[in-house]
Novice: 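Below: one structure in structure tokens.
Because the structure is predicted, anything quoted here is derived from the model rather than measured.
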Amino acid sequence: MTTEYRRLRVALLGAGAVGSQVADLLLRHGDELADRAGAALELSGIAVRDLDAPRDTDLPAELFTTDAESLILGADIVIELIGGIEPARTNILQAIGSGADVVTANKALLATHGPELFEAADRVGASVYYEAAAAGAIPIIRPLRDSLAGDRVVRIMGIVNGTTNYILDRMETEGADFADVLADAQRLGYAEADPTADVEGYDAAQKAAILASLAFHTAVPLDAVHREGISSITASMIEEARAAGFVIKLLAVCERLEANGAESISVRVYPALVPRSHPLASVHGANNAVFVEAEAAGSLMFYGAGAGGVQTASAVLGDVVSAARRHIAGGVGVGESTRANLPVVAIGHVTTRYQITLEVSDAPGVLATVAGILSEGDVSVATVVQTVDGEAEPTARLVIGTHRAADSALSATVTALSESSVVERVVSVLRVEGE
């Protein structure tokens with residue numbers, strides 16, 4: 001016996017690596033999705049810029065159109081997978097204005113215009129779904145928005161960019177140089193021809209803003225996220241981290257803290273030292289993982305593929321099913337909770353441990369001078385490892401592990417070290433996370 005379902009029209013914007021997989025799965029698994037959603041999901045069309053562009057899958061030519069607006073206005077659910085700010089923003093606002101629910105994986109748009117889109121949806125009772133925007137196939141948006149809504153999230157640490165994790169993991173396991181591994185990543189399709197968004201932390205910062213907004217019920221603007229990339233990470237830094245019991249990972253860190261006598265939040269992205277015993281240290285290849293700490297639930301780990309066409313399509317279709325169920329059930333959409341309005345503070349308020357690597361003159365009294373500069377800056381030394389290179393002009397390399405200190409104190413101390421006559425070069429400064 002065939003069940004008769006109400007039909008919902010689904011418009012797809014974009015047919016790239018993810019969009020083509022979404023379309024293919026909608027067409028091939030339509031009956032199963034209908035049983036789960038309680039509605040028949042009809043792919044009414046696919047809006048693209050170029051009708052003749054090559055596609056990853058073989059899709060019916062009659063579905064393609066360049067008239068995105070007409071497609072949007074005739075849809076119940078609009079899936080936006082074109083990326084970027086425009087025309088995606090205009091397309092989504094058109095969809096919301098017409099009463100459609102929206103499913104998107106557009107992290108850049110949500111990080112910069114999320115509040116505008118959510119407010120527009122609230123006004124008409126629609127919903128914006130974006131499970132695929134933060135960590136690919138990993139289900140993290142719903143757990144933060146729904147499952148942990150009754151708890152108090154204290155901290156999130158996430159590996160949310162597969163490209164950088166692939167690069168750092170190869171450097172860690174093979175002792176390879178950054179440039180060589182980046183070239184391999186580009187050849188294998190893990191990194192774009194212009195890898196700036198990944199290796200300089202822009203992609204991870206967008207995802208951090210989204211995760212922090214959800215976890216702390218506070219709108220987090222992208223320009224409030226502190227960002228550092230991995231292009232300065234060297235094989236010697238990886239080796240020094242290993243010797244100290246750490247691995248280097250590009251982390252998105254979102255946490256509650258006290259600043260200026262008030263509860264605040266810090267949102268930051270940077271390469272950090274992670275203890276080898278921490279679950280995030282064992283995340284290999286291009287995988288992603290998000291580690292959540294909540295007051296009642298304790299520590300939670302979400303792990304899986306952070307990118308890939310069919311993997312990300314899984315998260316997109318999960319949102320499509322949710323949107324279809326809402327249409328069938330009726331009522332207004334689920335709005336975003338950003339009423340906490342916690343201040344987002346600068347990196348200087350963060351307190352962590354550090355590993356500072358210096359090249360100094362190999363002469364008597366140098367270590368005492370360096371220790372004095374650290375002490376004057378309220379940065380306490382925990383460990384020191386010294387190696388010596390060269391014979392004609394001996395140079396020592398100091399790897400200094402510190403106790404916890406405010407980032408503002410560390411920044412001032414590093415400046416003082418760089419200006420000292422005994423310090424030839426500040427090689428690196430890495431923060432420790434996950435202890």
Side-chain angles (χ1 to χ4, degrees), residues 157-185 190-191 198-201 204 228-253 268-289 291 301 303 306 352-360 362 367 370 374 379-390 395-405 410 414 417 423-435:
M157 290 197 304
I159 297 170
V160 294
N161 183 272
T163 300
T164 52
N165 200 62
Y166 172 82
I167 292 171
L168 292 173
D169 188 47
R170 286 273 310 275
M171 293 176 71
E172 160 70 24
T173 56
E174 301 174 16
D177 289 326
F178 173 83
D180 294 336
V181 181
L182 174 58
D184 285 346
Y190 291 138
D198 292 321
V199 300
E200 296 302 338
E228 299 173 26
I230 67 165
S231 57
S232 63
I233 302 299
T234 64
S236 62
M237 292 167 66
I238 297 283
E239 179 57 36
E240 288 162 355
R242 182 187 299 112
F246 299 104
V247 297
I248 299 177
K249 298 289 187 181
L250 183 72
L251 294 185
V253 183
R268 54 199 191 264
V269 168
Y270 45 54
L273 296 168
V274 179
R276 302 187 79 87
S277 59
H278 194 281
L280 289 177
S282 60
V283 177
H284 299 296
N287 287 311
N288 282 189
F291 192 81
M301 179 84 158
Y303 171 87
T352 62
R353 293 206 306 115
Y354 306 89
Q355 181 176 282
I356 305 170
T357 302
L358 307 173
E359 286 183 358
V360 300
D362 184 28
L367 187 56
V370 169
L374 289 165
V379 178
S380 176
V381 176
T383 62
V384 178
V385 176
Q386 177 176 323
T387 56
V388 178
D389 284 324
T395 299
R397 190 176 180 98
L398 298 180
V399 180
I400 302 169
T402 78
H403 292 292
R404 295 180 67 85
L410 177 87
V414 169
L417 286 169
V423 176
E424 297 183 1
R425 184 166 70 101
V426 178
V427 178
S428 65
V429 178
L430 291 171
R431 302 167 181 88
V432 178
E433 298 284 0
E435 290 188 313

Novice: Quick one: closest heavy-atom pair of Thr164 and Val199, and the distance?
Specialist: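 That would be CG2-CA, 3.9 Å.
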Novice: Kindly say whether Gly285 contributes a backbone atom to a donor-acceptor pair with the side chain of Asn165 at under 3.5 angstrom?
Specialist: yes
Novice: Taking the side chain as everything from C-beta on, heavy atoms only, tell me whether Glu228 gets closer than 4.5 Å to Arg431.
Specialist: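 In short, these two side chains touch, coming nearer than 4.5 Å.
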Novice: Looking only at the side chains, is there a donor atom on one of Glu433 and Thr352 sitting less than 3.5 Å from an acceptor on the other?
Specialist: no
Novice: Compare all side-chain heavy atoms of Val283 with those of Met301 and state whether any distance is below 4.5 angstrom.
Specialist: yes
Novice: Please find the pair of heavy atoms, one from Val423 and one from Leu417, that lie closest to each other, and give the distance.
Specialist: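 Where Val423 meets Leu417 most closely, the heavy atoms are CB-O, 3.2 Å.
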Novice: Evaluate Ile159 against Leu251 for side chain to side chain contact (heavy atoms under 4.5 Å, CB included), listing each step before the verdict.
Specialist: CA-CA 5 Å; Ile159 297 170; Leu251 294 185; 3.8 Å; yes
Novice: Quick check for you: to the nearest 0.5 Å, what is the distance between Leu367 atom CG and Gln386 atom CD?
Specialist: 6.5 Å
Novice: Do the side chains of Leu430 and Phe246 get nearer than 4.5 Å, heavy atoms only?
Specialist: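 No; the side chains remain at least 4.5 Å from each other.
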Novice: What's the spacing between Arg404 CZ and Tyr354 OH if we round to 0.5 Å?
Specialist: 8.5 Å
Novice: How far apart are the closest heavy atoms of Glu435 and Pro275, and which atoms are they?
Specialist: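 Looking at all heavy atoms of both residues, the closest pair is CG-CG, 3.8 Å.
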Novice: Do Leu280 and Lys249 come close enough that some side-chain heavy atom pair is under 4.5 Å?
Specialist: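 No, every pair of side-chain atoms sits at 4.5 Å or beyond.
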Novice: Which distance, rounded to the nearest 0.5 Å, do you find between the NE2 of His278 and the CG of Leu273?
Specialist: 13.0 Å
Novice: Which pairs with one or both residues in residues 229-241 pass salt bridge (Lys or Arg N to Asp or Glu O under 4.0 Å), sequence neighbours excluded?
Specialist: Glu239-Arg242, Glu240-Arg397
Novice: Would you indicate whether the side-chain heavy atoms of Asp362 and Thr395 approach each other to under 4.5 Å?
Specialist: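 Not touching, per the 4.5 Å side-chain cut-off.
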Novice: Indicate the atoms forming the closest heavy-atom contact of Gly201 with Leu250, along with that distance.
Specialist: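 Shortest heavy-atom contact: CA-CD2, 4.5 Å.
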Novice: Measuring from atom CD1 of Ile400 to atom CG of Leu374, what distance do you get when rounded to the nearest 0.5 angstrom?
Specialist: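 The distance works out to 5.0 Å.
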Novice: In this structure, are over 12 heavy atoms from other groups packed under 6.0 Å from Tyr190 atom OH?
Specialist: no
Novice: Working to the nearest 0.5 Å, report the span between CD of Glu359 and OG of Ser428.
Specialist: 10.0 Å
Novice: At their closest point, which heavy atom of Ala241 faces which heavy atom of Ile248, and how far apart are they?
Specialist: CB-CG1, 3.9 Å
Novice: If every non-hydrogen atom of Tyr303 is compared with every non-hydrogen atom of Ala289, which pair is closest and at what distance?
Specialist: CD1-CB, 4.0 Å
Novice: Can you tell me how far NE2 of His284 sits from CG of Leu168, rounded to the nearest 0.5 angstrom?
Specialist: 12.5 Å
Novice: Checking side chain to side chain contact (heavy atoms under 4.5 Å, CB included) against Ile356, which of Val427, Val370, Leu410, Leu398 comes through?
Specialist: Leu410
